[in-house]
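The structure appears below as structure tokens.
First the proteins, then the strands, lettered A, B, ... as listed; each starts at 1.
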Protein chains: 2
Amino acid sequence: MGTVSKALSLLTFFNHGRTGIGLSDLTRLSGMNKATVYRLMNELQESGFVEQTGSDRSYRLGPQVLRLAALREAAVPILSVSRQVLRDLSDETGETSHLSLLQGSQLNSLSHAYSPRNATRVMMEDAKVLTFHGTSSGMAVLAYAEPDFAETILSQPLGARTPETITDPQKIRAQLAGIRKSGIAVSVGGFEEDVHSHAVPVFDPDRKVIGALAVAAPASRMTAEQKQLIPAALRRAGATLTHRIGGSAPADYPQDETA
Amino acid sequence: MGTVSKALSLLTFFNHGRTGIGLSDLTRLSGMNKATVYRLMNELQESGFVEQTGSDRSYRLGPQVLRLAALREAAVPILSVSRQVLRDLSDETGETSHLSLLQGSQLNSLSHAYSPRNATRVMMEDAKVLTFHGTSSGMAVLAYAEPDFAETILSQPLGARTPETITDPQKIRAQLAGIRKSGIAVSVGGFEEDVHSHAVPVFDPDRKVIGALAVAAPASRMTAEQKQLIPAALRRAGATLTHRIGGSAPADYPQDETA
DNA sequence: ACCAATGGTTCATTTAATGAACCGACGAGT
DNA sequence: ACTCGTCGGTTCATTAAATGAACCATTGGT
């Protein structure tokens, strides 16, 4: 691994539960030498990717990442485009909707919308890491990802977030085949208890899956009517988002729209 | 300069006018060896910071920066906090408002709001680079930055974006003194012609200036009434934003509020 | 007063970065 | 069809930078 990759890998230890990390913690987390971590973090700091708090000298992500994200959005405006799609989707379904994107071998939730219709909602956080198994978004992505990638994921130890999480690779493979037939993934309580969620894949111009669009509802609210309405709205929203970012679904993606 | 800094410096060549850059262009822009650029970009690509387009193999910023920006916002929610402040400010003034943040020695516009009141508006782009001289935001930041930093900026060649741009360092120093007295910066046509803008500095918990909040209006709409209303609204908005991000103004910052 | 943390620094050793030259492919111009 | 220039990508001897064990100075808790 090159020096640059090592430095950037240090940034992967930041997450919602850990927005600030001290030098020693970072050394332990990364397994690198303390002097190495110190110098790498210094370089990252000089470039504005991280900054040190005045109080306890712990590191946190720096303002430079905001500039880069704004430029990424200028080049590939997937988040800004998704916001309108998500708003419409939440309005239509009355439930929380969110977009997750595949980044390397990690799936991150990066944009979401709520519906004002119901007081109880499934809450979302941006940049939250989703597991592939157990989430409808993860399964939707896995079903349309490179087979090698899917197998790599399934060959790793699969933890159970809830008692309902399906962790048997064979059962998951069977589910993935089902998703490829229907074009939509469903998960009931596999990631958070009592959350019923649907997801459809989103594709780029090379017809590769780049993420998933999902609707998450409290299981108690999943009436027969909603079980019809949500998948239909989601399919439409997925097709819209894929289209608006210049993407195309692969030839084998089931289209039940009269487009 | 370390390898990591070199790699990250490659990312600085991306901007609104240049969202995709090929290997050879990047080599020329950076002045580095082509093989070096190639390997550095490969590492950045492996980490998801850049990606190559399938069509012409040019590089553009990758999805990983979105995750980092979301986490930065989770740690220091300045953009999300600013959005409400900007909306209120634009509603109140009827004009375009925007927030710019100091990143290293560069000032970037990173969040903005429009008012629906008027059909003609000053348009803004996120991640746009602002000059220090000639913009009200830049002058507001410079007035409260470290004196060394201000002098470094003023010692560089100062270009004139418009015939009205003031480029004489002595005149600028005099203006900065005036801004420190009043707490607000004004620019008329110094960056874009016929744009009249006001700006106030924004401070962090260490009482250091981190950026500026500004209102930009077509010069034709700057009535006597607006010349009263905008500075007043801006001062209030600046104090609110500084406060909401946990910051404090330095002791010598003029407070004309009965707080 | 002590101990165990913390962030930060040093310097001989090792390892990785570097760059000139090279390759094959593509496209424009003749 | 042939060059010419440029593109992205690759090679390998040379060089420069990254590394890590040990060390220092502070801090906070007992």
Side-chain angles (χ1 to χ4, degrees), chain A residues 1-15 17-64 75-76 104 204-206 208, chain B residues 1-15 17-64 72 75-76 204-206 208:
Chain A
M1 187 162 59
T3 313
V4 175
S5 299
K6 277 184 208 161
L8 296 178
S9 76
L10 290 173
L11 300 178
T12 64
F13 297 108
F14 292 92
N15 58 45
R18 229 194 256 280
T19 54
I21 314 183
L23 176 61
S24 295
D25 279 341
L26 211 41
T27 301
R28 273 186 293 272
L29 285 167
S30 64
M32 301 178 197
N33 183 281
K34 187 173 59 149
T36 301
V37 173
Y38 177 70
R39 271 174 288 103
L40 293 179
M41 290 307 282
N42 252 333
E43 289 207 65
L44 290 173
Q45 185 166 27
E46 277 163 29
S47 304
F49 278 69
V50 300
E51 61 184 15
Q52 262 179 308
T53 58
S55 51
D56 64 349
R57 286 183 166 161
S58 71
Y59 296 96
R60 66 180 174 209
L61 291 168
Q64 193 63 37
V76 186
D204 74 2
D206 300 334
K208 285 195 309 208
Chain B
M1 186 163 61
T3 312
V4 175
S5 299
K6 279 183 207 162
L8 297 179
S9 77
L10 290 173
L11 299 178
T12 64
F13 298 107
F14 292 92
N15 58 46
R18 230 195 254 281
T19 53
I21 314 183
L23 175 61
S24 295
D25 280 341
L26 211 42
T27 302
R28 272 186 293 271
L29 286 167
S30 64
M32 300 179 198
N33 184 280
K34 186 171 59 152
T36 301
V37 174
Y38 178 70
R39 271 174 289 102
L40 293 179
M41 289 307 282
N42 252 333
E43 288 206 66
L44 289 174
Q45 185 166 28
E46 277 164 29
S47 305
F49 278 69
V50 300
E51 60 185 16
Q52 264 180 308
T53 57
S55 50
D56 65 348
R57 285 181 166 164
S58 70
Y59 297 96
R60 66 179 176 209
L61 291 167
Q64 192 63 37
R72 161 73 185 184
V76 186
D204 74 2
D206 300 334
K208 285 196 310 209

Exercise. Can you find a heavy atom in the side chain of Arg18(A) that is under 4.5 Å from one in the side chain of Leu29(A)?
Worked result: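 They are in side-chain contact.
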
Problem set entry | Contact check, side chains of Leu10(A) and Met32(A), non-hydrogen atoms, under 4.5 Å | yes

Round to the nearest Å and state the distance from [X] atom [atom1] to [N] atom [atom2].
X	N	atom1	atom2	answer
Asp56(A)	dT6(C)	CG	P	12 Å
Met41(B)	dT10(D)	CE	P	15 Å
Arg57(B)	dG24(C)	CZ	P	16 Å
Met32(B)	dG8(D)	CE	P	16 Å
Asp25(A)	dA4(C)	CG	P	19 Å
Asn33(B)	dC22(C)	CG	P	14 Å
Leu40(B)	dG19(C)	CG	C1'	13 Å
Glu43(B)	dA18(D)	CD	C1'	13 Å

Looking at [X], does any N or O in its side chain come under 4.0 Å of the phosphate oxygens OP1/OP2 on [N]?
X	N	answer
Ser24(A)	dT6(C)	yes
Tyr38(A)	dT9(C)	yes
Thr3(B)	dA18(D)	yes
Gln52(B)	dG9(D)	yes

Exercise. Quick one: salt bridge (Lys or Arg N to Asp or Glu O under 4.0 Å) pairs with a partner in residues 38-54 of chain B, sequence neighbours left out?
Worked result: Arg72(A)-Glu51(B), Glu51(B)-Arg60(B)

Exercise. Of the candidate nucleotides dG8(C), dT19(D), dT18(C), which contains the atom at the shortest distance from the side chain of Thr36(B)?
Worked result: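 Minimum distance to the Thr36(B) side chain belongs to dT18(C).
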
Seminar exercise, completed: Which of dT11(D), dG8(C), dG9(D) is nearest the side chain of Ala35(B)? It is dT11(D)

For this session: Identify, between Val4(A) and Arg28(A), the residue whose nearest nucleotide on DNA chain C lies closer to the 5' end.
Result: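 Of the two residues, Arg28(A) wins.
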
Exercise. Quick one: on DNA chain C, does Arg39(A) or Gly2(B) contact a more 5' nucleotide (nearest heavy atom)?
Worked result: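 By nearest-heavy-atom nucleotide position, the 5'-most residue is Arg39(A).
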
For this session: Please check if the side chain of Ser30(A) supplies one atom and the backbone of Thr27(A) the other of a donor-acceptor pair under 3.5 Å.
Result: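 Side chain of Ser30(A) to backbone of Thr27(A), a donor-acceptor pair under 3.5 Å: yes, one is there.
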
Problem set entry | Donor-acceptor contact below 3.5 Å, side chain Asp206(A) vs main chain Lys208(A) | no

Exercise. Ignoring hydrogens and angles, are the base of dG8(D) and the side chain of Lys34(B) linked by a donor-acceptor pair under 3.5 Å?
Worked result: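 Present.
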
